[in-house]
S.K.: 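Quick one: the structure is below, and I'll ask about it shortly.
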Amino acid sequence: MIERQDTESGAHFAFTDRWGGVSAVPYEQLNLGGAVGDDPAAVRTNRELAAKSLGLDPGQVVWMNQVHGREVAVVDGPWHAADAAAPVSPAAPAAPSAPSGIPPVDALVTARGGLALAVLTADCVPVLLADPVAGIASAAHAGRPGLVAGVVPAAVEAMVALGAEPSRITARTGPAVCGRCYEVPAALRDDVAAVVPESWAETSWGTPAVDVVAGVHAQLAALGIQDRGRSDFCTRESGDHFSYRRDRTTGRLAGYVWLDGADGPGGTA
Ligand SMILES: [Zn+2]
């Protein structure tokens, strides 16, 4: 089962759950994360299964080496393509790449129709953005550190630099740990709320918490993005989703965003 939304303007948003793959316990079944201890062959198969179920070419899905930062990469093809990536973040020079050659970024932006951007999570907030008029899409990984660092505003800034307009952007956030489940020390809650007040929360058992989803939506609203939607699922409460806080050793869910390609309606070629 996959949460999916397709707009008439040719934008596509999808979030996986844990079913429909080949991984064994504790990654059963559809683990899409390559750095969590699962069998790499199973992950490869799962990525192919997920892409095919979405009507995507597995070779046209771009993944990230996520590090809880705010760096953004603009891509126009998979990483193995010669000219695939050019870091655009105004922050520090690009950090050393992972052994895989995939640079450490927490957001991707593309102007290429048909190219899918993917984000991995298991409690963090997967954020998918698209301006179909400009033909710009973005996927971002926003956990608590990313919320504070501003990875979502950085992704939107990179989209705008390529011609997107916030008033035209559709934003969707996927399954993530909810504010009633994400317990933190009181001082940490204060630190996060000092940056994003809307993230201040309390657990269902009455202790300090952070609502990262609410914080991300507040950041999106402040940027002028009104068309926002969110998944109803809390990963920690849902047995159909991976949750790091609940299970520690577990798989990763994926969010995918793409725009119609050159040979489809709304193509950008
Ligand atoms: Zn919850």
Side-chain angles (χ1 to χ4, degrees), residues 1-5 13-21 23 25-33 36 38 50 66 68 106-107 118-129 139-152 171-222 225 228-257:
M1 182 185 63
I2 281 179
E3 287 183 74
R4 175 169 178 167
Q5 184 182 359
F13 308 88
F15 299 102
T16 63
D17 63 21
R18 70 184 300 163
W19 307 121
S23 289
V25 174
Y27 307 104
E28 83 282 14
Q29 297 167 342
L30 191 67
N31 167 44
L32 296 163
V36 294
D38 194 3
Q66 301 169 187
H68 291 285
D106 288 88
V119 49
L120 293 166
T121 59
D123 289 341
C124 289
V125 184
V127 185
L128 306 179
L129 307 162
H141 163 246
R144 176 179 48 75
L147 174 70
V148 172
V151 66
V152 172
R172 296 289 179 265
T173 59
V177 65
C178 81
R180 298 181 312 280
C181 287
Y182 188 6
E183 183 177 55
V184 297
L188 183 53
R189 175 175 67 178
D190 291 345
D191 289 348
V192 179
V195 180
V196 189
E198 294 84 352
S199 68
W200 194 98
E202 206 166 67
T203 60
S204 56
W205 53 97
T207 59
V210 170
D211 189 333
V212 181
V213 177
V216 165
H217 278 264
Q219 289 179 327
L220 292 167
I225 298 173
R228 305 188 310 275
R230 59 163 72 188
S231 170
D232 291 332
F233 290 105
C234 165
T235 45
R236 188 173 176 277
E237 294 173 78
S238 166
D240 294 323
H241 295 81
F242 297 119
S243 170
Y244 174 76
R245 287 183 74 85
R246 182 186 61 217
D247 299 327
R248 295 295 158 175
T249 302
T250 190
R252 294 294 179 274
L253 309 161
Y256 299 81
V257 62

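Predicted model, so just to flag it, every value in this text is computed and none were measured. Just so you know, ligand 1 is whichever comes first in the structure, and atom 1 is the first atom listed for that ligand.
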S.K.: Is any side-chain heavy atom of Val36 closer than 4.5 Å to a side-chain heavy atom of Phe242?
M.R.: no
S.K.: Could you list the donor-acceptor pairs under 3.5 angstrom formed between side-chain atoms of residues 173-184 and any protein atom two or more places apart in sequence or on another chain?
M.R.:
from: Thr173; atom 1: OG1; to: His217; atom 2: NE2; distance (Å): 2.9
from: Tyr182; atom 1: OH; to: Arg144; atom 2: NE; distance (Å): 3.0
from: Glu183; atom 1: OE2; to: Trp205; atom 2: NE1; distance (Å): 3.0
from: Glu183; atom 1: OE2; to: Thr207; atom 2: OG1; distance (Å): 2.6

S.K.: Heavy atoms, side chains only, cut-off 4.5 Å: are Pro26 and Arg248 in contact?
M.R.: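 A side-chain contact is absent here, since even the closest heavy-atom pair is not under 4.5 Å.
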S.K.: Should the pair Arg246 and Tyr244 be classed as cation-pi, given the thresholds of under 6.0 Å to the six-membered ring centre and 45° from the axis?
M.R.: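 Checked: cation-pi criterion not met.
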S.K.: What protein N/O/S atoms are there under 2.8 Å from the Zn ion (ligand 1), waters excluded?
M.R.: Cys178 SG, Cys181 SG, Cys234 SG, Glu237 OE2
S.K.: Would you please name every residue forming a salt bridge (Lys or Arg N to Asp or Glu O under 4.0 Å) with Arg4, sequence neighbours left out?
M.R.: Asp6
S.K.: Can you pull out every side-chain hydrogen bond (donor to acceptor under 3.5 Å, both in side chains) where at least one residue sits in residues 189-200? Sequence neighbours excluded, please.
M.R.: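 Listed by first then second residue: nothing to list.
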